[in-house]
Amino acid sequence: MPDRAPQPVDRQLPTEEARDLISLVREIAQREIAPYAAEEEDAGRFPRELFGLLSESGLLGLPYDSEHGGGDQPYEVYLQVLEELAAARLTVGLGVSVHSLACHALATYGAKEQQVEHLPAMLGGGLLGAYCLSEPSSGSDAASLRTKAVRDGDDWVITGTKAWITHGGIADFYTVMARTGGEGSRGITAFLVPGDAEGLSGAAPEKKMGMKGSPTAQVHFDGVRVPDSRRLGEEGQGFAIALSALDSGRLGIAACAIGVAQAALDEAVTYATSRRQFGRPIADFQGLRFMLADMATRIEAGRALYLSAARLRDAGRPFSKQAAMAKLLCTDSAMQVTTDAVQILGGYGYTADFPAERYMREAKVLQIVEGTNQIQRMVIARHLAGPESR
């Protein structure tokens with residue numbers, strides 16, 4: 001059996017423009033991202049200059065309106081771009097997804113004047129965003145957040161700490177959920193906070209098992225003053241805004257997971273068709289062939305599910321249940337596929353000389369971020385059987 005080089009994913013894209021876009025992304029990934037991924041992840045370096053290139057190339061605002069500097073691309077296309085980027089380096093794919101998540105509140109709920117003032121720089125001006133919902137004491141129970149925003153004349157004064165913030169401490173802007181009213185989900189309001197606001201600071205990045213190049217940190221708000229013109233949506237609407245953003249963001253995580261899984265499968269196929277034992281490639285052995293077949297099937301199923309959910313979103317139809325399903329299936333599949341890739345490479349898979357172990361470490365976090373997979377099961381069950389009895 002001859003060695004087989006993995007082929008690019010054969011994508012179903014709606015337009016010639018989308019095909020050209022994917023070609024551009026693959027070129028950037030092969031030239032600017034993949035060759036440096038292992039070294040930069042090992043060193044814990046965040047590729048900020050690369051995000052400048054992505055912004056110049058129009059890749060940080062793809063799903064938003066061109067009126068404000070976006071790319072006018074449907075989610076069906078945007079998510080496949082994320083998948084390509086994540087396959088080259090998860091820090092990049094996830095970073096683009098988080099940036100898009102941080103733009104959602106303004107692009108969807110902001111007043112026209114706010115959009116005109118801020119969106120062009122956010123979508124195509126080289127800025128990098130972060131999304132601030134979780135706190136040290138409120139992760140899955142996000143509605144219990146404690147960060148407060150108190151009205152002071154025409155301003156709001158924000159005090160509190162956010163946790164597990166991707167791009168925390170380095171972002172140019174933060175979409176922040178803070179409590180402006182009573183307890184529960186109806187007392188939360190969204191704000192757009194500049195990264196250089198006085199009183200805003202990032203803690204030292206967390207030391208993580210994977211994605212070491214992507215800074216994840218607490219962000220402290222020590223009496224940060226923002227004008228009411230930076231409030232997004234109505235007072236008390238913040239939690240609904242947050243959930244709306246997370247529905248879309250979960251599709252981004254699903255696409256990133258399939259990207260990592262695809263990269264792991266490609267590595268496993270390359271190794272299995274070139275590594276020889278007992279006089280023939282190990283890919284000749286049925287046990288490994290079946291593993292590769294199962295890996296590929298999980299990836300195709302996950303890709304089909306996230307694209308199906310994206311098409312619902314693009315059609316303006318409800319997609320919350322499908323987004324939770326896609327996030328659940330794709331990230332669980334990525335964990336299984338990357339684990340199998342390490343197994344296929346054997347001892348080499350456990351070393352940093354090959355990328356399989358990095359893919360496995362990175363896949364784990366995707367089962368946790370933007371709603372753990374246990375939360376996704378709760379969301380799906382509520383759609384099927386209604387809310388839990390109290």
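All values derive from a computational prediction rather than experimental measurement. Both backbone and side-chain heavy atoms feed into the values below; hydrogens, waters and symmetry mates do not.
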Next on the checklist: Tell me if the CZ atom of R186 is crowded by more than 12 foreign heavy atoms within 6.0 Å.
Outcome noted: no

Item to check | Polar side-chain atom of T372 near backbone of I375 as donor-acceptor pair, under 3.5 Å | outcome: yes

Checklist entry - Any side-chain heavy atom of F221 sitting closer than 4.5 Å to one from S201? => result no

Next on the checklist: Tell me whether the rings of H167 and F51 are parallel (<30°), tilted (30 to 60°) or perpendicular (>60°).
Outcome noted: perpendicular

Checklist entry - Would you call R48-D172 a salt bridge at under 4.0 Å N-O? => result yes

Next on the checklist: Using a strict threshold of under 4.0 Å (side-chain N to carboxylate O), is an ion pair present between E41 and K212?
Outcome noted: no

Item to check | F173 side chain near C103 side chain, heavy-atom distance below 4.5 Å | outcome: yes

Checklist entry - What distance do F191 atom CZ and T147 atom OG1 have between them, rounded to the nearest 0.5 Å? => result 11.0 Å

Checklist entry - If you measure only the distance, is there a donor-acceptor pair under 3.5 Å linking the side chains of E357 and T351? => result no

Next on the checklist: Taking E76 first and then R311, would you say they form a salt bridge - that is, a charged N and a carboxylate O separated by under 4.0 Å?
Outcome noted: yes

Item to check | Side chains of S134 and K162, donor plus acceptor under 3.5 Å | outcome: no

Next on the checklist: Whether the H220 and T161 side chains hold a donor-acceptor pair (N or O, under 3.5 Å, no angle test) is what I'd like checked.
Outcome noted: yes

Item to check | side-chain contact (heavy atoms from CB on, under 4.5 Å) assessment of K327 paired with L366 | outcome: CA-CA 9 Å; K327 199 272 185 183; L366 299 175; 6.0 Å; no

Next on the checklist: Quick test of your reading of the model: are R231 and D228 salt-bridged, counting only N-O distances below 4.0 Å?
Outcome noted: yes

Next on the checklist: For V337 and V260: C-alpha separation, side-chain torsions, deciding distance, then whether side-chain contact (heavy atoms from CB on, under 4.5 Å) applies.
Outcome noted: CA-CA 9 Å; V337 168; V260 173; over 6 Å; no

Next on the checklist: Just checking K148: does its NZ atom have more than 12 heavy atoms from other residues, nucleotides or ligands closer to it than 6.0 angstrom?
Outcome noted: no

Checklist entry - Do T331 and N373 have a side chain donor and acceptor closer than 3.5 Å? => result yes

Next on the checklist: With a 4.0 Å cut-off on N to O distance, would you call R225 and D152 a salt bridge?
Outcome noted: yes

Next on the checklist: To the closest 0.5 Å, what do you measure between CE (M211) and CG (L94)?
Outcome noted: 4.0 Å

Checklist entry - Same cluster for Y78 and L128 if Ile/Leu/Val/Met/Phe/Trp/Tyr side chains link at under 4.5 Å? => result yes

Item to check | Gap between atom CD of E17 and atom CD1 of I22 - 0.5 Å precision | outcome: 11.5 Å

Next on the checklist: So for atom CG, which belongs to D72, do other residues, nucleotides or ligands contribute more than 12 heavy atoms lying within a distance under 6.0 Å?
Outcome noted: yes

Next on the checklist: The test is side-chain contact (heavy atoms from CB on, under 4.5 Å); show your working for L59 and V96 and say whether it passes.
Outcome noted: CA-CA 8 Å; L59 300 182; V96 174; 5.8 Å; no

Item to check | K321 vs R382 side-chain heavy atoms within contact, under 4.5 Å | outcome: no

Item to check | Pairwise side-chain contact, D20 with E16, heavy-atom cut-off 4.5 Å (strictly under) | outcome: yes

Next on the checklist: Are the side chains of L85 and V25 in contact, using a 4.5 Å heavy-atom criterion?
Outcome noted: yes

Next on the checklist: Walk me through whether S57 and L53 qualify under side-chain contact (heavy atoms from CB on, under 4.5 Å).
Outcome noted: CA-CA 6 Å; S57 303; L53 173 63; 3.9 Å; yes

Next on the checklist: Quick test of your reading of the model: are E67 and K112 salt-bridged, counting only N-O distances below 4.0 Å?
Outcome noted: yes

Next on the checklist: Just verifying a value: how many Å separate Y75 OH and D314 CG, rounded to the nearest 0.5 Å?
Outcome noted: 9.5 Å

Next on the checklist: Are more than 12 heavy atoms, taken from residues, nucleotides or ligands other than Y350, located less than 6.0 Å from that residue's OH atom?
Outcome noted: no

Item to check | Side-chain donor-acceptor contact under 3.5 Å, R313 with S248 | outcome: yes

Next on the checklist: Does atom CZ (R317) have a neighbourhood of more than 12 heavy atoms from anything else shown, all under 6.0 Å?
Outcome noted: no

Checklist entry - Quick check: are there more than 12 heavy atoms from other residues, nucleotides or ligands sitting under 6.0 Å from CD of Q343? => result no

Checklist entry - Would you say H68's side chain and L119's backbone share a donor-acceptor pair under 3.5 angstrom? => result no

Next on the checklist: Can you confirm whether more than 12 heavy atoms, excluding those of E388, are under 6.0 Å from its CD atom?
Outcome noted: yes

Checklist entry - If we only count heavy atoms from C-beta on, is the V92 to L54 side-chain gap below 4.5 Å? => result yes

Checklist entry - If we ignore angles and hydrogens, is there a donor and acceptor under 3.5 Å between the side chains of S144 and D141? => result yes

Next on the checklist: For a 4.5 angstrom cut-off between non-hydrogen side-chain atoms, does Q114 reach L232?
Outcome noted: yes

Checklist entry - Does some side-chain heavy atom of T180 sit less than 4.5 Å from a side-chain heavy atom of R151? => result no

Checklist entry - With sequence neighbours left out, which residue pairs that include part of residues 328-344 fulfil the salt bridge (Lys or Arg N to Asp or Glu O under 4.0 Å) condition? => result D332-R377

Next on the checklist: With rounding to the nearest 0.5 angstrom, report the CD to OH distance, Q80 to Y306.
Outcome noted: 5.0 Å

Checklist entry - When the aromatic ring centroids of H104 and Y131 are compared, is their separation below 6.0 Å? => result no

Item to check | Distance, nearest 0.5 Å, that separates CD of E362 from OG of S214 | outcome: 10.0 Å

Item to check | From E300, E83, R303, E84, residue fulfilling side chain to side chain donor-acceptor pair (under 3.5 Å) relative to Q262 | outcome: R303

